[in-house]
Amino acid sequence: MPASAGPEPRLDSVEIKVTFSGADAAAATLALAPDHGGARRHVYFCEALSRSPYGHLPYGGVPYGRVPDGRVPSEGEASASSPYTGETLARSRATPGQLPLLDAGVTLRLRAWSGRGVGGDVTAELRPCRRSRLSERWLDFRAQGPDSFRLAADWTGERRALAACFASDCGRTAVEAVTSGSKPLATAFSDRQRAFLAECADAPVGFGDLDILGPVHTVDWTGVRLNHHEVTLEYWTLPGDEADTPLEWFEVSERVAPEGAEVVQASLMALLHGRGLEPDLSQGTRTRRVLETLAARDAARRYGGGRAR
């Protein structure tokens with residue numbers, strides 16, 4: 001008698017994502033988004049900029065590049081008292097991609113509803129996630145109180161990744177308290193989320209050392225029907241000013257059962273192409289491109305000069 005294969009590994013869903021950027025984002029928004037409704041939010045991300053070329057460069061041996069009174073050194077101070085000259089600072093600002101948390105597969109996101117909404121949540125996501133890092137404690141957990149855990153396959157074009165997403169509804173007040181600096185960042189994340197990161201992330205997450213980047217302004221529409229597809233639409237924008245060019249992204253996503261997901265993805269892509277829409281097929285996820293832009297703008301503000309696009 002053949003041995004039992006045992007239970008299938010947990011996989012809650014497949015999330016199919018199609019992203020548009022720039023002028024294509026504007027065209028997709030016009031073609032697909034309802035002209036009313038939508039949940040408006042301010043979205044923030046956390047990164048360890050002190051460990052990246054975008055962040056605090058070493059100054060006189062002081063950790064994280066801060067001068068003795070705790071400030072980040074100006075370009076002049078760095079040039080006078082450390083080997084990191086203005087040229088080095090400018091070059092580090094232009095270095096793409098080195099985001100320590102994201103490079104280790106960790107994304108920390110905070111969202112606050114705008115307007116009269118009181119909603120707010122924080123998410124700790126591992127993507128790509130190594131299933132071997134997840135103990136039975138987390139594989140058995142789904143939802144309790146404000147916390148929820150989802151294990152999904154993330155499909156964007158040809159890219160496939162396992163994503164472990166741990167969310168907590170903390171409320172808008174908690175998000176605004178940490179983004180304004182009135183409370184420590186860790187207070188917005190639940191005990192379970194912090195334990196999940198400590199046990200499962202491939203890189204240590206020291207909340208006290210992280211920078212909060214943003215906000216990105218978003219509008220989300222859920223339950224939108226596109227023929228036989230039920231999708232979520234998200235419009236993201238980073239406003240510009242005299243130094244920065246405004247940027248925008250639009251994403252169509254559909255969450256489906258793993259069985260038959262390939263057929264659903266092909267059908268959704270055919271539908272979008274049929275409407276004359278051209279997805280962004282460039283390398284890198286939307287999250288990476290947003291974080292790179294936010295980090296470069298943050299560095300430009302810290303050290304002055306230069307245009308962060």
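Since the model is a prediction, treat every value here as computed from it, not as a measurement. Basis for what follows: all heavy atoms, side chains included, without hydrogens, waters or symmetry-related copies. One is the number of the first residue; the rest follow in order along the sequence.
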Does [X] reach the side chain of [Y], with side-chain heavy atoms less than 4.5 Å apart?
{"X": "P246", "Y": "P239", "result": "no"}
{"X": "F166", "Y": "W138", "result": "yes"}
{"X": "V18", "Y": "P279", "result": "yes"}
{"X": "P128", "Y": "L162", "result": "no"}
{"X": "W249", "Y": "V290", "result": "yes"}

Would you say [X]'s side chain and [Y]'s backbone share a donor-acceptor pair under 3.5 angstrom?
{"X": "R137", "Y": "L134", "value": "no"}
{"X": "R133", "Y": "C200", "value": "yes"}
{"X": "W221", "Y": "H36", "value": "yes"}
{"X": "T156", "Y": "R159", "value": "no"}
{"X": "R194", "Y": "A186", "value": "yes"}
{"X": "E125", "Y": "L108", "value": "no"}
{"X": "T237", "Y": "L247", "value": "yes"}
{"X": "E47", "Y": "L102", "value": "yes"}
{"X": "R131", "Y": "P9", "value": "no"}
{"X": "T187", "Y": "K183", "value": "no"}

How many angstroms lie between atom [atom1] of [X] and atom [atom2] of [Y], to the nearest 0.5 angstrom?
{"X": "L49", "Y": "L210", "atom1": "CG", "atom2": "CG", "answer": "9.0 Å"}
{"X": "F141", "Y": "S135", "atom1": "CZ", "atom2": "OG", "answer": "12.0 Å"}
{"X": "T107", "Y": "L291", "atom1": "OG1", "atom2": "CG", "answer": "7.0 Å"}
{"X": "H42", "Y": "T179", "atom1": "NE2", "atom2": "OG1", "answer": "10.0 Å"}
{"X": "L197", "Y": "R192", "atom1": "CG", "atom2": "CZ", "answer": "14.0 Å"}
{"X": "S21", "Y": "E248", "atom1": "OG", "atom2": "CD", "answer": "9.0 Å"}

Checking side chain to side chain contact (heavy atoms under 4.5 Å, CB included) between S253 and each of L233, T232, V231, I16, which is the one that passes?
T232

Those residues that, when tested against C170, pass side chain to side chain contact (heavy atoms under 4.5 Å, CB included) (two or more places apart)
V122, A174, V175

Partners passing side chain to side chain contact (heavy atoms under 4.5 Å, CB included) against R275 (at least two apart in sequence or in another chain)
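With neighbours one apart ignored, the set is L32, L226, N227, L271, L277.
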
Please determine whether a side-chain nitrogen of the Lys or Arg among [X] and [Y] lies less than 4.0 Å from a carboxylate oxygen of the Asp or Glu.
{"X": "R289", "Y": "D280", "result": "yes"}
{"X": "D103", "Y": "R288", "result": "yes"}
{"X": "R150", "Y": "D12", "result": "no"}
{"X": "E251", "Y": "R286", "result": "yes"}

Y235: ring-ring contact (aromatic ring centres under 6.0 Å, His included) partners, not counting sequence neighbours:
none

Using the test ring-ring contact (aromatic ring centres under 6.0 Å, His included), find all partners of F189 that sit at least two apart in sequence or belong to another chain.
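Partners of F189 by the ring-ring contact (aromatic ring centres under 6.0 Å, His included) criterion, ordered by chain and then number, come out as F207.
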
Could you verify whether a donor N or O on one side chain and an acceptor N or O on the other, from S267 and H228, lie under 3.5 Å apart?
yes

Could you pull out the closest heavy-atom pair between [X] and [Y], with the gap in Å?
{"X": "G157", "Y": "Q265", "answer": "O-NE2, 3.2 Å"}
{"X": "P34", "Y": "V224", "answer": "CG-CG2, 4.3 Å"}
{"X": "Q193", "Y": "A124", "answer": "NE2-N, 3.9 Å"}
{"X": "S114", "Y": "R172", "answer": "C-NH1, 4.0 Å"}
{"X": "C46", "Y": "I212", "answer": "SG-CG1, 4.4 Å"}
{"X": "L101", "Y": "P204", "answer": "CD2-O, 4.2 Å"}

Between L294 and V216, is the side-chain contact (heavy atoms from CB on, under 4.5 Å) condition met? List the steps.
CA-CA 9 Å; L294 288 172; V216 179; 4.0 Å; yes

Are [X] and [Y] grouped together when hydrophobic residues (ILVMFWY) are joined by side-chain heavy atoms under 4.5 angstrom apart?
{"X": "W236", "Y": "L272", "value": "no"}
{"X": "V264", "Y": "L11", "value": "no"}
{"X": "V14", "Y": "F149", "value": "no"}

Among T287, D121, T123, which residue satisfies the side chain to side chain donor-acceptor pair (under 3.5 Å) criterion with R109?
T123

Quick test of your reading: applying salt bridge (Lys or Arg N to Asp or Glu O under 4.0 Å), list the pairs with at least one residue in residues 27-45, sequence neighbours left out, ordered by first then second residue.
R41-D220

Between F250 and F20, what is the ring plane arrangement, given parallel below 30°, perpendicular above 60°, and tilted in between?
tilted

Would you verify whether the NZ or CZ of R160 falls within 45 degrees of the ring axis of W155 while also being under 6.0 Å from that six-membered ring's centre?
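Yes, a cation-pi geometry.
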
Remaining members of the apolar cluster that contains V263, side-chain heavy atoms under 4.5 Å
none

Any chance you could lay out the side-chain contact (heavy atoms from CB on, under 4.5 Å) test for R10 and R142, step after step, and finish with the verdict?
CA-CA 11 Å; R10 176 179 171 180; R142 295 185 182 273; 3.4 Å; yes

